[in-house]
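In listed order, ligands and their atoms are each counted from 1.
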Amino acid sequence: MSEDMVSSPSLWRPPVPIKDAIEQDAITPFPKPEAPEEEEEESQGDCYRRLMSSLPVKVYGERRYLEYQATWWPESAVQAVIAIQRRFRPRPSDVLLASYPKSGTTWMKALVFAIMSRKVYPLRDHPLLRLNPHDCVVHLSGAYATGKEAVVEALPSPRIMAVHMPFSTLPASVVVDSSSGCKIVYVWRDPKDVLVSLWHYYRKLRPEEAHVSEFHDLYESFCQGDTVFGPWWDNVLGYFRASVEMPTRVLFLRYEDMLEDTASAVVAIANFVGCPFSAEEERAGVVDAIVKLCSFEELKNLDTNMSGSNGHLIKLPSSSYFRKGVAGDWVGHMTREMADRIDSIIQGKFQGSGLEIKRAST
Ligand code: PAP
């Protein structure tokens, strides 16, 4: 967003909530990208089937994860990831929200959407009051996996999109081509709380599924690095290193720091995505209003987030994205020894990177 847009609200174009775009596409379909020739499509399909059957598999109850490009993906995501790598075309005004699952994605979607749309949607009549944050910001692999690629293509700029993909698996067009200028905001969180949050999520998916409902199984899997979109440490380190190498392209934020001082995070995000708050906005309390609108308590208690279902690959009650929203909930789920083991593993993986984890026993 240019300086002109900051000083002249009439030039601001808000990000469009993905749910509104999908509904509009159902009424007036967006132009579809050219479909591959039938023969080409067939040979691509053959290649894909061959690839899928050659990938290492982990089975958890009814869910299958495939290892592709050193990452464990939900089976339903692999084809979407390949399609994103081949066909996604970033725009300079795009903002990509990246995270390992259960690290603050929903919150980040709400914050970035609210920051980038603040001059257009009055906060008392904001899309976030009627739509879950996942209905405002599209998840790329979910869209590609469910035939909504054309909607993503047709979304007006600026687009905000989310991914759980590791940095190393992002399309070359996003990572290599610096002229694309696409910005990336990454949020990471204490892995012990990520693990606990992930476990509660799995329990909601299939409460009766004994295998994944065993916390210890998930804990072991996390320590081995084979939980979904993992290893967790590769996901975090990839974006951390990118943020060090390209600080104007990748912003690296920690969930716990955001909890402690949300207003500073909001200001940092706004500066990073190119729509800083004016002194007048700061005086008028716009930063605090955004912090409040996107706060856990506020979002959790909205009708839209207490009813209905949501999710990019699997649908869950919208309320399941708002569980506790605190730091340190792991204390009620694992022993000190279990916590120390995770911390030691992560400390070893982070060694020499410049990134540090706050250990449970310090
Ligand atoms: P996703 O990967 O499925 O999108 P994600 O939003 O990254 O999930 O993580 C969910 C966590 O963020 C939940 O943590 P918990 O299980 O430990 O409680 C959820 O409560 C928390 N969360 C959601 N919204 C907010 C918010 N506005 N502020 C702080 N935390 C939040």
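Heavy-atom contacts of Gly104 reach the following atoms of ligand 1: 5 (P), 6 (O), 7 (O), 9 (O) (cutoff under 4.0 Å). Taking every heavy atom of Phe322 and a limit of under 4.0 angstrom, the matching atoms of ligand 1 come to 20 (O), 23 (C), 24 (N). Within ligand 1, the atoms closer than 4.0 Å to a non-hydrogen atom of His164 are 2 (O), numbered from 1 in the order shown.
Counting heavy atoms under 4.0 Å from ligand 1, residue Tyr321 touches it through both backbone and side chain. By the criterion of a heavy-atom distance under 4.0 Å, neither the backbone nor the side chain of Ala110 is placed next to ligand 1.
Annotation: Asp193 places no N or O atom under 3.5 Å from an N or O atom of ligand 1; distance criterion only. For Arg323, a nitrogen or oxygen atom sits less than 3.5 Å from a nitrogen or oxygen atom of ligand 1, counting backbone and side chain alike. Residue Ser103 has at least one nitrogen or oxygen atom sitting less than 3.5 Å from a nitrogen or oxygen atom of ligand 1, judged on distance alone.
Aromatic ring centres of His333 and His200: separated by under 6.0 Å. Ring-centre distance between His134 and Tyr321: below the 6.0 Å cut-off. Ring-centre distance between Phe229 and Trp73: below the 6.0 Å cut-off.
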*Any chance you could lay out the side chain to side chain donor-acceptor pair (under 3.5 Å) test for Asp226 and Ser221, step after step, and finish with the verdict?*
CA-CA 6 Å; Asp226 60 22; Ser221 165; 2.5 Å; yes
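Because its NZ or CZ atom is not both nearer than 6.0 Å to the ring centre of Phe215 and within 45° of the ring axis, Arg203 does not count as a cation-pi partner of that residue.
In this structure, His134 has a heavy atom closer than 4.0 Å to ligand 1. In this structure, His139 does not count as a contact residue of ligand 1, since none of its heavy atoms falls inside 4.0 Å of the ligand. Under a 4.0 angstrom heavy-atom cut-off, Ser99 registers as lying outside contact with ligand 1. The shell of residues lying under 4.0 angstrom from ligand 1, judged by heavy atoms, excludes Tyr100.
Note that CE of Met258 and CH2 of Trp107 are 4.5 Å apart. Values are rounded to the nearest 0.5 Å.
When only modelled atom types and interatomic distance are considered, Thr105 and Ser99 share a side-chain donor-acceptor pair under 3.5 Å. Residues Glu356 and Gln347 have side chains that never bring a donor and an acceptor to within less than 3.5 angstrom of each other.
Applying the salt bridge (Lys or Arg N to Asp or Glu O under 4.0 Å) rule to pairs touching residues 252-279 yields Arg254-Glu256, Arg254-Asp257, sequence neighbours excluded.
In the candidate list Lys102, Lys324, Arg189, Arg189 is nearest to atom 17 (O) of ligand 1, counting heavy atoms.
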